[in-house]
Amino acid sequence: MPEVTARYLPGTPCWVDLMAGDQQAALDFYRDLFGWQGEVGPAEFGGYAICSLNGRPVAGIGPQTVPAGEPPPPVVWTTYLATDDADATRAAVDAAGGTTLMPAVDVGTVGRMLVASDPTGAVFGVWQPLDFFGAHVVNEPGALTWNDLHTSDVGAASAFLGAVFGAETAEIAGMPGHLGIRVEGRTVGGVTGLQTDPPGCPSHWRVWFAADDTDSTVDALVKAGGTVLAPPADGPAGRSALVADPQGAAFAVITPA
């Protein structure tokens, strides 16, 4: 069973979450699609819900907070990269040409977090674990299985990951145009250009969830009000599809080869 029992190395995707305009609707949607269990959390954490799969934390879903008079932001999945020191990582982000969007803050006793963007505009979170290290299960149906950065400048994005997290990038065998993000010799994610994204798409991190059967998962998503952005297709890593939930949050599903 692919259960994570120790902290993630710095630079490794360790958590994903979604800030939804309708939190309860999102909780219901992902419960039905992936079998997640989750409920609105305590008020001191803004109602943030830790969703679990078979009793193990797998992802977060919270409510959007929209300042009065401003339009709601897009609903997106955010990838969090692990760090041992959120404040040092913030300084490294700024020094490497990134932008801090939310400075490092404590989240109770569970950890310390910040939100930033790289020089190409791709937004990501940073998580320094205390009592909570991140996803407890990965690489099984219904759980996170991959995170990749789709960027307008692969070279600049790769250099940024190296400067901030000490990560290396290298070509992935059999996948031209895709670089693997390597942390201490292990591939933990990917970097690619925007060539497969719609014209005008900004740089972003894409979240991938594993599925027993990509086609049936996509069918269930459509019946629940989701949208197919790229239909199921076979590729080097498996059969995958790009979809969006009913509130517009895009993600990929894949049945690994």
Side-chain angles (χ1 to χ4, degrees), residues 4 8 12-83 86 89-90 99-117 122-138 142-145 147 204-209 221 224-227 243-253:
V4 181
Y8 292 85
T12 304
C14 64
W15 187 245
V16 294
D17 69 12
L18 179 72
M19 296 294 119
D22 186 334
Q23 183 188 19
Q24 188 59 58
L27 290 169
D28 293 344
F29 173 81
Y30 288 99
R31 175 200 63 208
D32 295 341
L33 190 68
F34 291 137
W36 293 358
Q37 302 87 40
E39 57 185 30
V40 176
E44 58 264 36
F45 292 109
Y48 190 90
I50 300 289
C51 298
S52 61
L53 180 66
N54 299 321
R56 297 168 295 172
V58 68
I61 297 177
Q64 273 189 345
T65 55
V66 182
E70 293 190 14
V75 179
V76 297
W77 278 101
T78 299
T79 292
Y80 289 78
L81 305 179
T83 183
T89 297
R90 179 192 177 182
T99 303
T100 300
L101 303 176
M102 187 185 81
V105 295
D106 290 322
V107 184
T109 63
V110 297
R112 190 164 170 80
M113 66 165 285
L114 63 94
V115 178
S117 63
V123 176
F124 63 96
V126 174
W127 182 252
Q128 176 189 340
L130 295 173
D131 293 342
F132 181 76
F133 61 76
H136 284 42
V137 57
V138 295
L144 182 68
T145 193
N147 306 71
H204 62 281
W205 279 85
R206 180 173 294 175
V207 173
W208 296 67
F209 296 109
L221 173 135
T227 305
V243 297
D245 70 18
Q247 298 185 57
F251 60 96
V253 293

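The neighbour count for E39 CD, taken as heavy atoms of other residues, nucleotides or ligands under 6.0 Å away, does not exceed 12.
Residues L18 and A26 share a closest heavy-atom pair of CD2-CB, 4.3 Å.
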**Request:** Show the numbers, then the answer: is there a side chain to side chain contact (heavy atoms under 4.5 Å, CB included) between R31 and L27?
**Result:** CA-CA 6 Å; R31 175 200 63 208; L27 290 169; over 6 Å; no
**Request:** Quick one: do Q64 and V75 satisfy side chain to side chain contact (heavy atoms under 4.5 Å, CB included)? Show the steps, please.
**Result:** CA-CA 8 Å; Q64 273 189 345; V75 179; 3.7 Å; yes
**Request:** Tell me, with the steps shown, if Q128 and T83 meet side-chain hydrogen bond (donor to acceptor under 3.5 Å, both in side chains).
**Result:** CA-CA 5 Å; Q128 176 189 340; T83 183; over 6 Å; no
**Message:** Between L81 and C14, is the side chain to side chain contact (heavy atoms under 4.5 Å, CB included) condition met? List the steps.
**Reply:** CA-CA 6 Å; L81 305 179; C14 64; over 6 Å; no
**Item:** ring-ring contact (aromatic ring centres under 6.0 Å, His included) between F133 and W15, intermediate numbers included
**Value:** CA-CA 9 Å; F133 61 76; W15 187 245; 9.6 Å; no
**Request:** Give the C-alpha distance, both sets of side-chain angles, the deciding distance and a yes or no for side chain to side chain contact (heavy atoms under 4.5 Å, CB included) between Q24 and V40.
**Result:** CA-CA 7 Å; Q24 188 59 58; V40 176; 3.9 Å; yes
**Request:** Decide ring-ring contact (aromatic ring centres under 6.0 Å, His included) for F34 and F209; before the verdict, give the C-alpha distance in whole Å, the side-chain angles of both, and the deciding distance to 0.1 Å.
**Result:** CA-CA 9 Å; F34 291 137; F209 296 109; 5.2 Å; yes
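The side-chain heavy atoms of V16 and T78, taken from C-beta on, include no pair separated by under 4.5 Å. Counting only heavy atoms from C-beta outward, the side chains of F45 and V107 approach each other to under 4.5 Å. Residues T109 and D131 are in side-chain contact: their nearest non-hydrogen atoms beyond the backbone lie under 4.5 Å apart. For the pair S52/V58, no side-chain contact is recorded, criterion being any heavy-atom separation below 4.5 Å from C-beta on.
The main-chain N or O of I61 is found under 3.5 Å from a side-chain atom of Q23 such that the two form a donor-acceptor pair. For the pair W127 (side chain) and F132 (backbone), a donor-acceptor distance under 3.5 Å is present.
Residue Q37 holds its CD atom at 6.5 Å from CG of N54, rounded to the nearest 0.5 Å. Summarising the geometry, atom CE belonging to M113 is positioned 13.0 Å from atom OG1 belonging to T89; distances are rounded to the nearest 0.5 Å. For the atom pair CE (M102) and CG (L114), the distance works out to 7.0 Å, reported to the nearest 0.5 Å. To the nearest 0.5 Å, atoms CH2 (W205) and CG (N147) are separated by 6.5 Å. With rounding to the nearest 0.5 Å, the separation of CG in L33 from CG in L221 is 5.5 Å. Interatomic distance, CZ of R56 versus CD1 of I50, reported as 15.5 Å (0.5 Å rounding).
Applying the ring pair (Phe, Tyr, Trp, His ring centres under 6.0 Å) rule to Y48 yields no partners; only residues at least two apart in sequence or on another chain are considered. Shown here are the salt bridge (charged side-chain N to carboxylate O under 4.0 Å, His left out) partners of R206, two or more places apart in sequence or in another chain: D197.
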Please tabulate, one pair per line, all N/O donor-acceptor pairs under 3.5 Å involving side-chain atoms of residues 243-251, not counting sequence neighbours.
{"from": "D245", "atom 1": "OD1", "to": "Q247", "atom 2": "N", "distance (Å)": "2.8"}
{"from": "D245", "atom 1": "OD1", "to": "G248", "atom 2": "N", "distance (Å)": "3.0"}
{"from": "D245", "atom 1": "OD1", "to": "A249", "atom 2": "N", "distance (Å)": "3.0"}
{"from": "D245", "atom 1": "OD2", "to": "Y30", "atom 2": "OH", "distance (Å)": "2.7"}
{"from": "Q247", "atom 1": "OE1", "to": "G21", "atom 2": "N", "distance (Å)": "3.0"}
{"from": "Q247", "atom 1": "OE1", "to": "D22", "atom 2": "N", "distance (Å)": "2.9"}
{"from": "Q247", "atom 1": "NE2", "to": "D22", "atom 2": "O", "distance (Å)": "2.9"}

